[in-house]
Every structure is written in structure tokens, then in C-alpha cells.
Q: 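Sharing a structure, written as C-alpha cells. Questions coming.
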Amino acid sequence: MHFKDDKGNELIEIIKGDERTAQRMYAPVTHCLVVVKVDGDYLLGWNRWRQDWEIFGGCLEAGETMRQCVMRECEEEIGISDVQFQYIGLMSLNLVPDYFSKEHRREYGGLYGICLHREDLRYIEQYRQDREEIGKVALLGEIGDGERIAGIDRILLDCY
């Protein structure tokens, strides 16, 4: 599975294996993402800073495990906390310079999946906290053809 997006970022592979040892075996593990499946569709967030639709997640904080990171990010970005996360694997990425680093770099990130039901969506708008970065949320099927969806994130949807 090798994919290069229009910015030059590359998803090299999804490394399967044990979640507990992945963070120790690969470095640096910098972030976690979550694919949110909703009754056969996918939930995405509009990132105001990057100006595209993407899956949810963010950077690991000091001392945080990947699971703690994805749980915190889901609570902040989509207002959910009491769900079962499935560990999918560790993303191996080659990333271009951006606001996180001025250098090309290899990074790893945890990838998780969760399933929600359509009726859960009414709680998301009520309880999500991060509205500065994630301006709005929508199901993939509701996003217009001309709207930009992050290339790697579109590929990651197929992993769950």
C-alpha cells in the first residue's frame, strides 16, 4: 500500500501487529487518527486550517499512549468518549515540510476505527469541543464532489 498525495506526503504502509509494542518499536510515533464509520458511511471533519475534509485525530502529548491520544482527540473533535476503539495498525509515513517541521521526515501514527450509529450524530454537534480547528462535521456521502478531501485520509477510510 503506497500512496502519495498531491502535497507530496506518502503513506508507505500500515504495519499490523500488537498495539502495545508498536509505540516502543517504531519512532517517532507522533499522532493518532481514527476512521469513524456510521452505518456504512464515514464521518469527516472540515479542517479550517488545512482547508479540507479529513478523518479525526491529532498529536500525541507527552507521556500519552496512542490509545489515550485517540480517545482524547475523539472527545475534543467529535464529543464522544465511551466507545470501543479498534486498533487497525501503525501508519508509516514520509511527510513533507509543514507547520510541524521544516524538514522532510519519516513518522509513524496509530490508526484506529470506531463504529457509530446515525442517531449518535445528534450528540456530536452538541458535545464536540474543538470548533476552532474542526469547523464542521459531515458524512462522506453528504460532501459535494468538488469539495477537497485529504488524499491519504481517503485511502485510510478503506482500512476500516
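Computed over heavy atoms, backbone and side chain alike; hydrogens, waters and symmetry mates excluded.
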Q: Quick check for you: to the nearest 0.5 Å, what is the distance between D98 atom CG and E103 atom CD?
A: 11.0 Å
Q: Under a 3.5 Å threshold, yes or no: a donor from one side chain and an acceptor from the other, between W53 and E147?
A: yes
Q: Considering non-hydrogen atoms only, spot the tightest contact between S92 and I15 and give its length.
A: CB-CD1, 4.2 Å
Q: Yes or no on side-chain contact (heavy atoms from CB on, under 4.5 Å) for I55 and V36, after CA distance, side-chain angles and deciding distance?
A: CA-CA 8 Å; I55 62 178; V36 180; over 6 Å; no
Q: At their closest point, which heavy atom of V29 faces which heavy atom of G109, and how far apart are they?
A: CG1-CA, 4.5 Å
Q: L111 versus C159: any side-chain heavy-atom pair under 4.5 Å?
A: yes
Q: With a 4.5 Å heavy-atom cut-off, do E73 and F56 have their side chains touching?
A: no
Q: Who are the side-chain hydrogen bond (donor to acceptor under 3.5 Å, both in side chains) partners of E54, not counting sequence neighbours?
A: N47, R50
Q: Report the residues that fulfil ring pair (Phe, Tyr, Trp, His ring centres under 6.0 Å) with Y26, sequence neighbours left out, ordered by chain and then residue number.
A: Y108
Q: Who pairs with K37 by side-chain contact (heavy atoms from CB on, under 4.5 Å), at least two apart in sequence or on another chain?
A: Y42, C115, Y160
Q: With side-chain contact (heavy atoms from CB on, under 4.5 Å) as the test, would you mind laying out the steps for L157 and L44 before giving the verdict?
A: CA-CA 10 Å; L157 294 176; L44 299 174; 4.3 Å; yes
Q: Is any side-chain N of the basic residue among R48 and E132 closer than 4.0 Å to the acidic one's carboxylate O?
A: no
Q: Taking D153 for the side chain and A150 for the main chain, is one N or O donor matched with an acceptor at less than 3.5 Å?
A: no
Q: Check salt bridge (charged side-chain N to carboxylate O under 4.0 Å, His left out) between R148 and all other residues, then give those that pass, not counting sequence neighbours.
A: D6, D52
Q: Do Q126 and R122 make a side-chain contact, defined as non-hydrogen atoms from C-beta onward lying under 4.5 Å apart?
A: no
Q: Would you say the side chain of Y127 lies within less than 4.5 Å of the side chain of I78, judging by non-hydrogen atoms?
A: no
Q: More than 12 heavy atoms of other residues, nucleotides or ligands under 6.0 Å from CD of Q84: yes or no?
A: no
Q: Tell me, with the steps shown, if L11 and L156 meet side-chain contact (heavy atoms from CB on, under 4.5 Å).
A: CA-CA 9 Å; L11 172 63; L156 293 174; 3.8 Å; yes
Q: Can you list every pair that meets salt bridge (Lys or Arg N to Asp or Glu O under 4.0 Å) and has a residue in residues 21-36, with sequence neighbours left out?
A: none
Q: Identify the two heavy atoms, one from C74 and one from V34, that lie closest to each other, and give their separation to 0.1 Å.
A: SG-CG1, 3.4 Å
Q: Rounded to the nearest 0.5 Å, how far apart are CD1 of I149 and CG of D145?
A: 9.0 Å
Q: Taking atom types as modelled, is there a side-chain donor on E10 or H2 under 3.5 Å from an acceptor on the other?
A: yes
Q: Excluding sequence neighbours, so at least two apart, what forms side-chain hydrogen bond (donor to acceptor under 3.5 Å, both in side chains) with E19?
A: R67, Y112
Q: Taking the side chain as every heavy atom from C-beta outward, state whether R106 and I12 have any atom pair closer than 4.5 Å.
A: yes
Q: Testing the basics here: between M91 and I14, what is the closest heavy-atom pair and its distance to 0.1 Å?
A: CG-CD1, 3.6 Å
Q: Surrounding CZ of R20 (heavy atoms of other residues, nucleotides or ligands, distance under 6.0 Å), is the total greater than 12?
A: no
Q: Using salt bridge (charged side-chain N to carboxylate O under 4.0 Å, His left out) as the criterion, list what pairs up with E107, not counting sequence neighbours.
A: R105
Q: Which residues satisfy the side-chain hydrogen bond (donor to acceptor under 3.5 Å, both in side chains) test with D41, sequence neighbours excluded?
A: none
Q: In terms of hydrophobic clustering (I, L, V, M, F, W, Y; side-chain heavy atoms under 4.5 Å; direct or indirect links), are I155 and L90 co-clustered?
A: no
Q: Verify the cluster assignment for V83 and L139: are they in a single hydrophobic cluster under the rule of side-chain heavy atoms below 4.5 Å apart?
A: yes
Q: Taking F85 as the starting point, is it possible to reach Y123 by hopping between hydrophobic residues whose side chains are less than 4.5 Å apart?
A: no
Q: side-chain contact (heavy atoms from CB on, under 4.5 Å), that's the test. Do V38 and D120 meet it? Break it down for me.
A: CA-CA 9 Å; V38 181; D120 297 327; over 6 Å; no
Q: Answer with yes or no whether the hydrophobic clustering places M71 together with L33; edges join I, L, V, M, F, W, Y residues whose side-chain heavy atoms lie under 4.5 Å apart.
A: no
Q: Identify, with sequence neighbours excluded, every residue that meets side-chain contact (heavy atoms from CB on, under 4.5 Å) alongside D158.
A: none
Q: For R128, which residues count as a salt bridge (charged side-chain N to carboxylate O under 4.0 Å, His left out) partner, sequence neighbours excluded?
A: E125
Q: Is any side-chain heavy atom of P97 closer than 4.5 Å to one of H104?
A: yes
Q: Which residues pass the side-chain contact (heavy atoms from CB on, under 4.5 Å) test with E75, not counting sequence neighbours?
A: S81, Q129
Q: Answer yes or no: is there a donor N or O on one side and an acceptor on the other, between the side chain of Q23 and the main chain of E64, under 3.5 Å?
A: yes
Q: Can you list the residues that meet the side-chain contact (heavy atoms from CB on, under 4.5 Å) rule with N9, with sequence neighbours excluded?
A: D5, K7, L95, V96, I152
Q: Taking all non-hydrogen atoms of both residues, which atom of G58 and which atom of C69 are closest, and how far apart?
A: O-SG, 3.5 Å
